[in-house]
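The structure appears below as structure tokens.
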Number of protein chains: 2
Amino acid sequence: MVTYNATHERGCSACLTPLNDVFKALADASRRHLLDCLYERDGQTLGDLVAGLAMSRFGVMKHLRVLEEANLVVTRRKGREKLHYLNPMPIQMVYDRWVGKYRRGWTRRLSHIKNMLEES
Amino acid sequence: MVTYNATHERGCSACLTPLNDVFKALADASRRHLLDCLYERDGQTLGDLVAGLAMSRFGVMKHLRVLEEANLVVTRRKGREKLHYLNPMPIQMVYDRWVGKYRRGWTRRLSHIKNMLEES
DNA sequence: ATTATATGTGACCATTTGGTAACATGTCAA
DNA sequence: TTGACATGTTACCAAATGGTCACATATAAT
């Protein structure tokens with residue numbers, strides 16, 4: 001059942017990825033770790049990434065595919081190797097369309113909660 | 001299999017929620033919509049929230065439980081009602097420990113990708 | 001040409017997720 | 001105290017997720 005149409009959370013005009021896909025991609029710790037690896041050193045191959053992750057090669061491949069589909073990773077073939085690069089734009093989108101909004105009301109909402117708790 | 005120990009992404013000292021739980025909670029569009037509802041009007045009851053969401057009452061309850069466990073929502077009993085309040089702290093944590101890091105390198109990384117693409 | 005190495009695919013499995021329906025409990029109000 | 005209403009629980013189901021293994025294909029190097 002479609003409980004809520006996420007399309008009003010539009011995709012970023014530049015990266016064209018639905019916000020929902022980005023959130024889902026970021027929901028897994030292994031995938032976040034892969035992004036961290038690329039943050040440390042961009043342009044790693046599949047093999048490079050497998051070496052640091054205690055997971056089967058194919059497991060890593062599937063995670064990388066999810067990241068690619070969310071546009072968080074872009075790739076470039078170089079001979080028989082495939083180089084992976086971090087694309088920070090979807091993360092910027094997550095901030096613009098979501099995190100930032102909640103950060104703005106931050107202190108006001110915190111005191112709101114504080115008052116509410118004291119009241120009870 | 002534990003492919004990657006997410007504990008080094010420590011929970012926020014103030015809200016005590018593991019970052020991973022927060023990401024997972026945010027990964028579902030219905031849950032983000034619930035947070036949006038509370039952002040619009042804080043302190044809604046379960047019934048209030050069900051009314052605006054085209055999902056069964058119990059479906060909403062389960063989503064709220066996930067949000068509570070991630071500390072994104074805090075509650076307060078008032079007689080037979082349960083009031084739900086948005087807690088922005090875990091979102092702040094997501095920013096501090098994750099999104100902010102990637103935002104900082106933003107422009108540099110973008111040009112990196114641009115160069116990389118032109119090169120091929 | 002052959003071999004080694006890197007990425008890609010198909011089939012499969014266990015667990016989690018997102019949802020429903022039916023029933024149980026708790027509390028306010030007449 | 002009884003009825004109405006709000007939240008909570010138990011049991012169940014389908015589909016998606018996260019992972020494995022074995023095999024296939026493509027490229028580089030000797």
Side-chain angles (χ1 to χ4, degrees), chain A residues 1-6 9 18 20-35 37-38 41 43-70 72-85 120, chain B residues 1-6 9 18 20-35 37-38 41 43-70 72-85 120:
Chain A
M1 178 192 193
V2 177
T3 66
Y4 166 64
N5 183 353
E9 290 178 340
N20 194 49
D21 291 358
V22 181
F23 268 113
K24 287 213 176 283
L26 293 179
D28 185 89
S30 299
R31 286 195 287 270
R32 287 198 304 281
H33 185 233
L34 283 171
L35 292 180
C37 290
L38 293 179
R41 180 160 65 90
Q44 295 191 67
T45 69
L46 171 60
D48 292 338
L49 292 165
V50 168
L53 199 55
M55 181 173 27
S56 81
R57 190 175 52 84
F58 191 44
V60 176
M61 274 190 59
K62 291 214 292 192
H63 282 307
L64 284 174
R65 177 192 301 272
V66 173
L67 291 170
E68 270 190 73
E69 284 170 356
L72 283 157
V73 163
V74 295
T75 62
R76 178 182 134 211
R77 293 307 297 252
K78 185 177 182 182
R80 68 182 163 182
E81 291 183 326
K82 187 175 180 181
L83 307 183
H84 297 78
Y85 295 85
S120 64
Chain B
M1 180 193 189
V2 176
T3 66
Y4 167 64
N5 185 354
E9 290 177 338
N20 193 49
D21 292 357
V22 181
F23 268 114
K24 287 215 176 281
L26 292 179
D28 183 88
S30 298
R31 285 195 288 269
R32 289 198 303 279
H33 185 234
L34 283 170
L35 292 180
C37 290
L38 293 179
R41 180 160 65 88
Q44 294 191 67
T45 69
L46 171 60
D48 292 339
L49 292 164
V50 168
L53 199 56
M55 181 172 27
S56 82
R57 189 175 54 80
F58 189 45
V60 176
M61 274 190 59
K62 291 214 293 191
H63 282 307
L64 285 174
R65 176 192 302 271
V66 173
L67 292 171
E68 271 190 73
E69 284 171 355
L72 283 157
V73 163
V74 296
T75 63
R76 177 182 135 210
R77 294 307 296 252
K78 185 179 183 180
R80 66 181 165 183
E81 291 181 326
K82 186 174 180 179
L83 307 183
H84 297 78
Y85 296 84
S120 65

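Lettering of chains follows the sequences in order, A, B, ..., and the numbering in each one begins at 1. Side chains are part of it too, since the values below use all heavy atoms of this structure and drop only hydrogens, waters and symmetry mates. Fair warning: this is a prediction, and the values are worked out from it, not measured in the lab.
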OP1 or OP2 of [N] less than 4.0 angstrom from a side-chain nitrogen or oxygen of [X], does that happen here?
X        : N       : value
His63(B) : dG19(C) : yes
Ser56(A) : dG19(D) : no
Arg65(A) : dT9(C)  : yes
Arg57(A) : dG19(D) : no
Arg31(B) : dG18(C) : yes

What N/O pairs connect the protein and nucleotides 4-6 of chain D at under 3.5 Å? Give each pair on its own line.
| unit_1 | atom_1 | unit_2 | atom_2 | d |
| --- | --- | --- | --- | --- |
| dC5(D) | O2 | Arg80(B) | NH1 | 3.2 |

Option among Val73(B), Leu67(B), Leu72(B) that satisfies the side chain to side chain contact (heavy atoms under 4.5 Å, CB included) test with Leu38(B): Val73(B)
Under the side chain to side chain donor-acceptor pair (under 3.5 Å) rule, collect the residues that match up with Glu81(A), sequence neighbours excluded. none
Who are the side chain to side chain donor-acceptor pair (under 3.5 Å) partners of Glu69(B), not counting sequence neighbours? none
Taking the side chain as C-beta and beyond, is there a heavy-atom pair between Glu68(B) and Thr75(B) under 4.5 Å? yes
Between Asn20(B) and Arg32(A), is there a side-chain heavy-atom distance shorter than 4.5 Å? yes
Nearest-Å distance, [atom1] ([X]) to [atom2] ([N])?
X        : N       : atom1 : atom2 : answer
Met61(A) : dC23(D) : CE    : P     : 17 Å
Phe58(A) : dA6(C)  : CZ    : C1'   : 15 Å
Asn20(B) : dG18(D) : CG    : P     : 10 Å
Lys62(A) : dT9(C)  : NZ    : P     : 13 Å
Asp28(A) : dG19(D) : CG    : C1'   : 11 Å
Arg32(B) : dT17(C) : CZ    : P     : 16 Å
Lys24(B) : dG18(D) : NZ    : P     : 6 Å
Asp21(B) : dT16(C) : CG    : C1'   : 14 Å

Quick one: CG on Leu83(A) to CZ on Arg76(A), what's the gap to the nearest 0.5 Å? 5.5 Å
Which is true for Gly59(B) with a 4.0 Å heavy-atom rule: it touches a base, it touches only sugar-phosphate, or it touches nothing? base
Judged by nearest nucleotide, the residue sitting upstream toward the 5' end of DNA chain D, Val66(A) or Lys78(A), is Val66(A)
Evaluation steps, side chain to side chain contact (heavy atoms under 4.5 Å, CB included), between Asp48(B) and Arg41(B): CA-CA 10 Å; Asp48(B) 292 339; Arg41(B) 180 160 65 88; 4.1 Å; yes
